[in-house]
Structures are given as structure tokens and as C-alpha cells.
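Below is one structure, written out as C-alpha cells, with a few remarks after it.
Counting convention: from 1, in listed order, for ligands and their atoms alike.
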Amino acid sequence: MKQTQNITVAVRIRPALQYELAKTTDISIENEKQHIIMENKQSLKFDLVYGPDSNQQVIAEQLAYPMIEQFINGYSASIMAYGQTSSGKSFTLGVPDQQLYKQFPKMSENVGLIPRAILNFFSSLQQKDVQSIVKVQYIEVYNEQLRDLLTTEQTEIQIRERLVNGYIQIYTTGANEVQVKTAKEALSCFVNGGINRATAATALNQVSSRSHAIFTISLEQIMSNGEILKSKLNLVDLAGSERFSKTHTTGQQFKEMVGINQGLLCLGNVIKVLSDKDSKTKAVHVPYRDSKLTRLLQDSIGGTAKCVFIACVSPSKYNFEESQITLKYAARARNIINKPIRVVERAIQDEAAFAKLHEENEMLKEYIQQMTLKQAQLDQELQNVRSANDPGSVYFSQNGFQQTNNQTFLQINQSPVNMNQTLAMLMNEPQQNSIKEMIEAVSEKVSNIQTYNTKQAGDLYNRLQQLIFKLSPNLNLNQQTLKQLLQNKGQIPQVFGQLTDHSTILFQVSAFLMQFIRFENAYERQLLRNEGQIQFSDAFFGADKPDPNLIQQVLDEVAFTNQLKNELKTAVGFTKADKFDNNRFQTEEIQFTREFVQNQDIINQKIKTRGKEEQQFINETQNQQKVVILDVDEEFQEIQFETDLVVTQRIENDDYDFENFDFINQKSDTEEDLDEDGESQEEYDETEDSPAVDLEKKFMDSLQKQQAIKNPPSIYELSQRLHSLENYFTGKSRQEIEQILQEAEKKKILENSQVNEDENVNVNVSKPAVQQSQKPIVQSVMQEPQMKTKSTPNLPQSSSQLRNSQLAQRVPAQPLRVSQLETKIPQPDLSKNDLEHNTPMNLKQLNRSQSGQPRNTSGYQQLPAVTKSGVKVIQPTDDKVIKIEKKVPQSAQLTRPQLADAESGRGSSRILQRSQKK
Ligand SMILES: Nc1ncnc2c1ncn2[C@@H]1O[C@H](COP(=O)(O)OP(=O)(O)OP(=O)(O)O)[C@@H](O)[C@H]1O
């Protein structure tokens, strides 16, 4: 039963840095004994927690020295620092400072864990007093390439594995291993190698590591029993995860960021799988091979080494989200169980046996070479699948996906089987077993590759589909856009590279998509064929389309985790669309969508505002109209008072059949023109214009307009208009009229002074001016007071006025006879001359000077056709005087039907008609 051990996880919170303090001084993470307290009060437990004031020596003593002890005892060990960029990983492990080397072994306070570990190791080893060989190796994983930091002459570095007692051990070929005898020599390698390491200044870190670096100390101890105890200590300074939005990297640094994030993503996946409780009971696939970093750390995480994981975090609220992710992975890592083993190789004692074995060994070596060759081929295949040759694509080689078809795998698989048979004949049992073991390992590898390949295909299919479906509703990624996307594939790495800004996980999807783009021709053809549908078909998988059931199975397996779903959602869900602003293609889509939505909003807003304005305007207008009507009403009453001009005709009382509203002596002439109801059949063309109609129409129009524009005419304006009307109808100026009235007034006073004056005064004013100009006659009649007060100068009333005016225009010009019908008031004493001239009176003035009821005057009848408008124009009848019959009621009040007739104009038109006929 092998000993198992959980990974030791420590957290180090560094002090807040200047750039963080500039953003916020809020602390989101605090330490408390073994716990981390997050701002949301969540508490996470770790093996060790170091606060911002922790010192380098203590960390080295507590984390590194125990590992060194194990290392010297024959166990392999790893110490790795993990965390976002600028979280203090390099500070914790140690930066390559030349001063450090010069001062060594004296160390300043800030010297990191690796130099202290080196010193401690050599002194411990010295104390152990054992024959040993110490070698150091320093490599970095930069953009998924392995680079040797201990030499400038690069050779290809390969990652290999071997089985030791059934356990996989990882080793590299091609990298320099420098034998060192002293701590200072080892330190020199660390410092010089560190200087070769890729670093760059980013927005968050002046000296940001752009690669994952692994400084390895290998120890071979030759024990007194001849055994060789082999162990390794890996000191791993991982590059920090980065967010594009914070580091603002471009060009090469951007690619580095993508590479870094990809490696970390794979590491996260490995941690996830290993920390899952299923992994303890079931055989699970651990995706070590997904990146060089995880492959190199295979021993350390879930493997045969002891491991300390140092999660570095910032205390600042500004970096809380990143710290949270780091801590989440760190907490998971605590669940990972390693199975540390000591690797002991036996020393050979017997010379003869040694020679024989050597011979056999040589033979085996030959086979191994063949096997290695095969293995290399397989590795290459795998490499082709997983790594891209061009920098834009990280995962896949140019045609790697096509090469790794099932046919190839079958062939590869066949070779070990044949070889197995051959070997079985040649070898003795232990040899056979050893070879068998190797063959099994290779077969397993082949099968792994097969599974991997199928899984990748499924994974790719699944993720791509999800991505596209995810994108399509949000981005409007229709067929056209997708085609464009495919055509502009040069932009794709950036587009999707930027997606990774939000999450390293997205990189995987991006990489898949980039690989997919290689198949764009076939796919595009297919796409065009299937217009309207996004489909994957044979064109995508080629002839080796996997079994659909298998795909389904794989799809189920690789279904997105919730986290990935969320990440995707956030990244492509436009919640942070502004992040893509640098990308033209993406931006256009987004901006278009945004602008469209914004414009829609603006338009909607405008419509709303417009609607409101309209409503407001209507309300205002209505209110205003009310006001105007009221105002006008008041004014109009005044006006009406002045304009209650009814043109009447002097009629002989005996000639007039009042009941029938007929002129007796005209009856026979008019009968034919009346229908059964006695209504006039003659219709007046109301559309026909005359100066009188025109003027009044204009007046009314203007009045209406003024109402509409909320500007009622002033009394002055209205009286001006009235005067124009007066003037128009009488041909006299206002002054003249005033003069006449004054004279009339004077006469009245004179008359009043005369005793026994006849009460009935006829006021007959002839009007030569009108006569000359052939204008219609206008006669003023005092309206009944009740009617006047009821009158409303609104539209209908105006129409009535208009109609009457229209009637007027049909009247031929005649000398005027103006009759003023007033009962009790003393009539103005107009001269005969005046009376003959039919001068209209200003009834307002008259009215004001009179009181009491109107009375009938001999020879003059107040016509019943008095309308609210107060304006009537009827035809005069030459000089002939038409008498009104005596039947006229004293009061000259109209019955209701008569009044209705009068108001509708029927009565007056009938009268008018008869006059005309006459
Ligand atoms: N515990 C600490 N005490 C004081 N300064 C620290 C501490 N940890 C980190 N710093 C400082 O913070 C800055 C960033 O640290 P460091 O370079 O170690 O980060 P990193 O995680 O290695 O970043 P990257 O991943 O970008 O390489 C450095 O200036 C470093 O000196």
C-alpha cells in the first residue's frame, strides 16, 4: 500500500501595491490563522496563510525546507507559485538578481524562496554526507514552446515519461542539465537562467513573467548498499493569469497572454479533475497532455511527488475577482492526493551478470529505440493535434487534425502488437515482461490518443456549436456574418483571442474555432448548400466521421461545465461588449446592434415626447380655446351689440300677411317656387363669393385663426373690423356715423322738450352712397335682449352670419330704408333727408340711450328673422313701401317655430325671395 499525501496549499497575501491604492484602498481579502476571509465574509481554509507582513525567511522555512528534507530523503517534490499577474509569485520564489549572487551567501530580507532553498539544500546535503550528483535544469514554457534557460543554443526539448514500478515518471530530453557542486553554482544558474527568462512590462507589473519557468534540481544519491536514490525538486514560477482589460497587452504580449492563459487553463482543468471526488474512486482521464505545462507537472500534481502549492493573491478590492479565482483553484488543489514514491535503482555487483545484462540491454535498447521512434511518431501526431505551428493558432498544427485519423491509429497500434509477438519468442520472461510493460504503455498511449482525438473532435464540435449558437442570437451572427467571419479569418485569432480576456477558458473555444476555420472551405461549401442552417456534416469530419453514438457519448462527457457556460455567457453575452472595441469586425457588429437599439430608443423616446407634446398642445389649445371663447364671448357680446344690424325693409302693414310670412301682393308669383311645405325651392349658392361674403368670411376665418393661435382679437381690433363692416355696408365713415348719431341725439333731446309729441317715430334713413355703389342694404334693428344675451359668437353663429351675408350678396343694390324698431324709447329726431338716406344707426348707442321694451312703430315691422348673429341682409324693394299687416303681435315676439325658422334663415329667405320676385 503506497503512502498518499494531499497537496499542501499555502496562500500568500502580498501588501497592496501603488497601482491598487490608486484605484481603491479597500481590502477584500484578509488572513486569519489558517483562513482567508473574503469581503463577502466567506472563509476558506488552507494549510498555511501568510498576510501582507509575512517575511521571506519564514515562508522559506515553513514551505521550502520541509520539502528539501523530503527531497534529500529520495522523494521528488515540487513547490509552485500560482496567481494572477503581479500577485507576488516571482517575489515569493525569488527574482534573478545579480546582486544576490554577488552577496551570497548573505541574503537580504527580500530574497525569495529559491535562493534560500538552494542554500538550505546544499547545507542539508552536506550534513547527510552521502555521495551524490546534483544537476540543475532551468526551462521555460513560452507560448507552448519549451526553451532552455541555461543556454542560448536552443535544441528541441521533448517531454518524456517512463514507468517506474508502474508509475509514470516525467523527464525531458534535449535540455541542458548542469552539474553543480555548490549552492553558489546552483544559484548562478538560477540567476543567469532567470535573466534569460521572458519578461515584459505590462500595465500591472513592471517585470511581468511571460512564461512558466521550472527550475529543477536533480539529485542522485549513491547509497552505501549501492542503490541509487533518484529524486527531483521542481521550483515552479508560473506566469500570472491576465485580463486583457487590465494589462492592455498588444501584439507579441497579447500572444504571450493567450499562451499563458492557455497553460493555466489546462492546469486548472487538471486540478479540477484530480480534486473531484470521483477521481479517488474511479479511473478518470486527467488532461495532462493538453499543455506542456501540465505535462511537465504531471509528477507534481496527482503524481509521485510531494507538492506545495503557493497561491499568491492581492489584498485589494480592485483585484478581488482574480483573487477569488486563484483561491478557488487553491482550495480545490487541497483535495488532490499525490502518491509520493522513492525511486531507487539497484547498483550492479556481478561483473559477468552485468556483461550479459549489458548485452541484453543493448538489444533491448535497440528495440527501445524502435519503440521510442514509434513513440516519437505518436508524440508527433499528438503534437500535431495539440500544437499549432503558426503563432495565431495554438492548439493544432496545419493539418494535424486530418492526419490523426483512425486508420493511422490502427497502423500504429499494429506495430507494437507484432513486436510483442516477436519479442515473446526471443526474450526470457523478465525481459518479456519488461518489454510487455513497455508495449502496454505504448498501446495505452495509442488508445489514449485515439480517445483524445475522438474527444477533441466531439469537444470541438460541441463547443463550436455552442459558441456559434451562443454568438448568433447576440451577435446576429447570421449566415452572412458567419461567412464573413470565415473569410476574414485573419482577424479571428484576435477576435477570439480577446474573448480570452474575460476568461482563460474561452481560449480553448477560440482555439477550437481557429482550428475549425481551417476547414472553412469544406464547411463553407456545406454551409452554402444548407443555406439558412448552421450544420456540421461530413464536410467537417471528412471520411472519418466518428460514430454518432460515440460522438454523443463524448459530447455528454465534455458538456460544458457551469463555469464555462457562465464564462461564455458573460464573454459573448454583450454584457461587456466595450471590451471588443479595438476589434473592427466585432465592433461593427456590436456598434451596429448598439446603435440600432440606441436609435430605436431615441426614436421611441421622441415619439413619446412628441405624443406628450401633442397632448399637451391639445390640452393647452383646448384650455386656450375655452379662454378664447370666453374672452371672445365677452367681447363678442359687445361686438354683437354693435353689429346687431338687421337689414329690414320698410313694408306696408296691410300688404303683409304675417301669419304666412308672405307678401300678399306677391303670392301668385311665388307659389310656383314653393314646395308643398311652402318652402322655397330656390337654393342659394353658398360657395359663390361676393365682396360682402368675402369680407365677412375673412373676418370669421381670421377670428377662428386667432382663436386657434390662442390670440383672441382685442376689442379694439374687433371694433375696427366692425367699423369696416359698417363702412362697407353704409358707405359712411365712422366719424360720419357718429356725427349722425350725435345729431339724432340732439334732435331727440329737442323732441323730448316738445310737448305731446307723437310717440311713434319712424326712422327712415336713405343712403345715397350705397345707392350709388349698388351695395346691399343694411338695416339695424335692435334685437330682443333675451336673444342677445343667449347668443354665443362661436362657429355656428358665425356660419349664420356668413349665410346671411351670402344672402345679402344676392340682393340687388337698392336705396336703403333703415328702420329702427324701438318702443318706449324716444326715437331720434332725424331729418326727413336723413331718413330718406337710410343711414344705419349705431344701435348700441341708441340702446344705451334708451330703456324699456321695444315697441312696434307704424309702417315699420321688426322682422321676425332675427338671428343670433344679428346680421341680416335682405333685398330692398325699390321705393315701394311694403306694409306689414296689422296682425303683427304687439310685442313682435316670435313663436318658437317662427324663431327656429328665423334662426335657420328660412323665414328671411322666404321674405327675401318674395322681395326678389317682386
Ligand atoms: N510580499 C511582498 N512584499 C512586498 N512587495 C511585494 C510582495 N509581493 C509582491 N511584491 C511586489 O509586487 C510586484 C509584483 O510582484 P511579482 O513580480 O512577484 O508578481 P508576479 O505574480 O510574479 O507577476 P507576473 O505574473 O506578472 O510575473 C513587484 O514589484 C513585487 O516587488
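Atom-to-atom distance recorded for Ile13:CD1 and Ser87:OG is 12.0 Å, nearest 0.5 angstrom.
At a cut-off of 3.5 Å, with distance as the only test, no side-chain donor of Thr326 or Gln84 sits close to an acceptor on the other residue.
Put simply, part of Pro15 is less than 4.0 Å from ligand 1, judged by heavy atoms. Ligand 1 is never approached by Gln56 to a heavy-atom distance shorter than 4.0 Å. At least one heavy atom of Ser86 lies less than 4.0 angstrom from ligand 1.
Ring planes of Phe215 and Phe190: perpendicular class, angle over 60° (limits at 30 and 60°).
For ligand 1, the polar-atom distance check finds an N/O of Phe91 within less than 3.5 Å of one of the ligand's N/O atoms. Not a single N or O atom of Asp237, backbone or side chain, sits closer than 3.5 Å to an N or O atom of ligand 1.
Of all atoms in ligand 1, numbered sequentially from 1 with element shown, those under 4.0 Å from a heavy atom of Gln84 are 21 (O). Of all the atoms in ligand 1, the ones that sit under 4.0 Å from a non-hydrogen atom of Gly88 are 8 (N), 9 (C), 15 (O), 16 (P), 18 (O), 19 (O), 20 (P), 21 (O). The distance from ligand 1 to the heavy atoms of Ser87 drops below 4.0 Å at these ligand atoms: 19 (O), 20 (P), 21 (O). In summary, the atoms of ligand 1 found under 4.0 Å from a heavy atom of Thr85, numbered by their order in the structure, are 23 (O), 24 (P), 25 (O), 26 (O).
Between Ala117 and Ala64, the shortest heavy-atom distance links the atoms CB-CB, 4.2 Å.
Because its NZ or CZ atom is not both nearer than 6.0 Å to the ring centre of Tyr288 and within 45° of the ring axis, Arg295 does not count as a cation-pi partner of that residue.
Exactly one residue among Lys339, Lys306, Lys232 makes a salt bridge (charged side-chain N to carboxylate O under 4.0 Å, His left out) with Asp299. That residue is Lys232.
Using a distance-only test at 3.5 Å, with no hydrogens or angles considered, a donor-acceptor pair links the side chain of Ser275 to the main chain of Ile271.
Of the heavy atoms in Leu17, only side-chain atoms (C-beta onward) come closer than 4.0 Å to ligand 1.
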